[in-house]
Engineer: 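First the structure, then my questions, so here it is.
Every number for a ligand or one of its atoms is a count from 1 in the order of the listing.
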Amino acid sequence: MAKNIEILGFAGSLRKGSYNKALLRAALEQVPPGAELEVFDLEGIPPYNQDLDVRMPDIVNAFKSKIKAADAILIATPEYNYSMPGVLKNAIDWASRPIGDNSFDDKPVAIMSASIGMLAGARAQYHLRQTFVYINMHPVNRPEVMVPFAADKIDSTGNVTDEKTRRKIRELLESLVVWTKRLKSA
Ligand code: FNR
């Protein structure tokens with residue numbers, strides 16, 4: 001039997017009631033057959049300091065190991081001030097280092113975003129895609145999972161209640177699995 005596609009997910013928000021963490025929970029509930037999803041919490045990752053490239057903090061080494069072991073990555077992020085949050089960029093910066101040991105190299109990736117506003121984190125997603133060029137990741141193009149007015153679609157306990165949003169998340173996971181298999185067989 002073929003090995004499951006292992007996906008590592010993380011959110012660009014540390015907030016307990018995060019809508020983006022809720023998207024990851026909805027993903028956990030809908031993992032397609034033949035795939036597994038594990039979620040890593042970015043809480044506790046310190047600000048990046050290049051002096052520490054020679055001896056990275058334990059939590060960063062743990063994050064890097066999880067990324068390397070994964071076949072694919074799933075990121076759920078808010079948009080902060082028209083871009084990705086510092087917490088997410090900071091975690092990406094750590095895992096992309098030291099030179100020659102970019103944990104993300106050549107990995108497929110899918111993105112989701114939720115916002116309380118109308119534009120649903122779209123600008124953060126496109127900044128993230130720009131970063132994928134440098135760290136050599138291969139993003140899924142469709143479907144684009146951008147969740148506007150998240151407060152109307154996610155309840156106070158962090159459940160995604162909107163069926164259309166849940167379906168889009170399911171479709172994104174399916175697309176990520178197909179994309180990962182295509183890249184592996186190339
Ligand atoms: C925001 N928010 C926001 N929303 C948006 O659509 N575009 C933006 O540029 C910003 N900028 C922004 C900056 C900062 C510092 C904060 C704290 C918030 C609102 C954001 O979408 C909302 O707080 C989300 O709920 C954050 O995501 P989580 O924490 O719920 O996952």
Engineer: Report yes or no: does S83 contribute a side-chain atom to a donor-acceptor pair with the main-chain N or O of A124 at less than 3.5 Å?
Structural biologist: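 Side chain of S83 to backbone of A124, a donor-acceptor pair under 3.5 Å: no, none is there.
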Engineer: Which pairs of donor and acceptor atoms, one on a side chain in residues 130-137, lie under 3.5 Å apart (sequence neighbours left out)?
Structural biologist:
from, atom 1, to, atom 2, distance (Å)
T131, OG1, H127, O, 3.4
N136, ND2, D105, OD1, 2.8

Engineer: State whether the side chain of T180 and the backbone N or O of A72 hold a donor-acceptor pair below 3.5 Å, judged by distance alone.
Structural biologist: no
Engineer: Please name all residues satisfying salt bridge (Lys or Arg N to Asp or Glu O under 4.0 Å) with D101, sequence neighbours left out, ordered by chain then number.
Structural biologist: K64, K68
Engineer: I'd like to know if the side chain of D71 reaches the main chain of E6, judged simply by a donor and an acceptor atom lying under 3.5 Å from each other, with no hydrogens or angles considered.
Structural biologist: yes
Engineer: When Ile, Leu, Val, Met, Phe, Trp and Tyr are grouped by side-chain heavy atoms lying under 4.5 Å apart, directly or through other members, which residues fall in the same group as L173?
Structural biologist: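 In the cluster with L173 are I5, I7, Y19, L23, L24, L28, V31, L37, V39, L74, M112, I116, V140, V145, V147, I154, V160, I169, L172, L176, V177, W179, L183.
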Engineer: Contact residues of ligand 1 with a heavy-atom cut-off of under 4.0 Å?
Structural biologist: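 Near ligand 1, by chain and number: S13, R15, S18, Y19, N20, P78, E79, Y80, N81, Y82, S115, I116, R123.
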